[in-house]
2 protein chains.
Amino acid sequence: MDLQDKLNQKGLRLTKPRQVVMTILERATVPLSPQAIHQHAIENQADIGLVSVYRTLELLTTMGLVRRVHGQDSCEGYVLASPGHHHHLVCRTCDRAVEFTGTDNLIPLLEQLQHETGFTVDEHLLQLYGLCPDCQN
Amino acid sequence: MDLQDKLNQKGLRLTKPRQVVMTILERATVPLSPQAIHQHAIENQADIGLVSVYRTLELLTTMGLVRRVHGQDSCEGYVLASPGHHHHLVCRTCDRAVEFTGTDNLIPLLEQLQHETGFTVDEHLLQLYGLCPDCQN
DNA sequence: TCCTTATTGAAAAAGATTTTCAATAAGGAT
DNA sequence: ATCCTTATTGAAAATCTTTTTCAATAAGGA
Ligand SMILES: [Mn+2]
Ligand SMILES: [Mn+2]
Ligand SMILES: [Zn+2]
Ligand SMILES: [Zn+2]
């Protein structure tokens, strides 16, 4: 089922801005801010408004097609999200982000914490930072 | 070594805004935004400027005394950071945040990823979200 | 092709953060 | 205790980011 169907199914429409944002994110190797996405669009002769970039990112995020990546200091930007449980490993120098599959490494920790704190834990944010092969020299 | 010394050591000074921000964070149970901190200050008759709150948060963060906590959607705010390796468990309803000690649960995952991706991994961001005991009803 | 209405984009409004700069005060030196 | 240097403050302005409004447009089902 492609983007068109996923949208139409909910009474939503496949529009130029939505296609453009999606394509840009598909090609990106680093998390992109709304501004950066807008810039890319303009450079590719795709004349869409910044407002629509914001609106599209919000939509795609709630649809689970896009994920927000947090930087160490400020919030970095948005990346395409594969379906399922994933996290990101981000290069501190060039910002390149690779996705990795969530494991159950955390389960013992979660259980211990639920026990100790009385909290229930149902979501987590895990991001790793380091240097990509190219940036290690 | 107290805050005074830590600052003086670097040629920096212990000022009213810095004391006030630190005190407010010490008393807080939820991550606070710069605005929220400023508001607290005013309510406590401590007449400091919002600009200084920003500057102080940046300073305390680079000194490692304060940590920025990311929300699930937007960036939440700042909390006091105990020295050492810690993470936060945040209540999705009332925002209460409890700190927990970093464990070595992640080590196998890190090693596997370094191997598979060629990245070196030296930092990570881990935050857990759930419901605190009070908010479970 | 027509019709409904979701969506767009320009402009304005609202909010958040940073820069500037003269006035102030921290704290080492005398 | 008093000076002196200079780090720091805070008001205002500048800048940047995000949201709201609303008339014009264009998806896409009929
Ligand atoms: Mn963030
Ligand atoms: Mn996970
Ligand atoms: Zn890199
Ligand atoms: Zn709670």
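As the structure is a computational prediction, the values presented were derived from the model and not from experiment.
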DNA chain C-proximal residues of residues 1-13 of chain B, any heavy atom under 4.0 Å:
Gln4(B), Asn8(B), Arg13(B)
Nearest whole angstrom, please: distance from the [atom2] of [N] to the [atom1] of [X].
| X | N | atom1 | atom2 | value |
| --- | --- | --- | --- | --- |
| His38(B) | dA11(D) | NE2 | C1' | 11 Å |
| Tyr54(B) | dA12(D) | OH | P | 18 Å |
| Asp47(B) | dA25(C) | CG | C1' | 16 Å |
| Ile42(B) | dG10(D) | CD1 | P | 11 Å |
| Arg18(B) | dA25(C) | CZ | P | 15 Å |
| Gln39(B) | dA16(C) | CD | P | 12 Å |
| Lys16(A) | dT7(C) | NZ | C1' | 13 Å |
| Glu58(B) | dT9(D) | CD | C1' | 16 Å |

Any side-chain heavy atom of [X] sitting closer than 4.5 Å to one from [Y]?
| X | Y | result |
| --- | --- | --- |
| Leu32(B) | Gln39(B) | no |
| Asp134(A) | Cys94(A) | no |
| His87(B) | Leu128(B) | no |
| Leu106(A) | Leu106(B) | yes |

For nucleotides 20-24 of chain D, list the nitrogen or oxygen atoms of the protein found under 3.5 Å from its nitrogen or oxygen atoms, one pair per line.
none

Among dT17(C), dT17(D), dG10(D), which nucleotide sits nearest the side chain of Ile48(B)?
dG10(D)
Nearest to the side chain of Thr15(B) - dG9(C), dT9(D), dT17(C)?
dT9(D)
Base paired to [N] (Watson-Crick or G-U; both N/O distances under 3.5 angstrom):
| N | value |
| --- | --- |
| dA30(D) | dT1(C) |
| dA29(C) | dT2(D) |
| dT17(D) | dA14(C) |
| dA23(C) | dT8(D) |

Can you tell me if Glu58(A) has over 12 outside heavy atoms packed within less than 6.0 Å of its CD?
no
Closest heavy-atom pair and its distance - Tyr129(A), Leu89(A)
N-CD1, 4.2 Å
Before giving the answer on side chain to side chain contact (heavy atoms under 4.5 Å, CB included), spell out for Arg13(B) and Leu7(B) the whole-Å C-alpha distance, their side-chain angles and the decisive distance to 0.1 Å.
CA-CA 6 Å; Arg13(B) 299 170 184 179; Leu7(B) 288 166; over 6 Å; no
Measure from the ring center of His124(B) to the ring center of His85(B) and say whether it is less than 6.0 Å.
yes
Does Thr101(B) form a side chain to side chain contact (heavy atoms under 4.5 Å, CB included) with His86(B)? I'd like the steps, not just the answer.
CA-CA 5 Å; Thr101(B) 304; His86(B) 289 285; 3.7 Å; yes
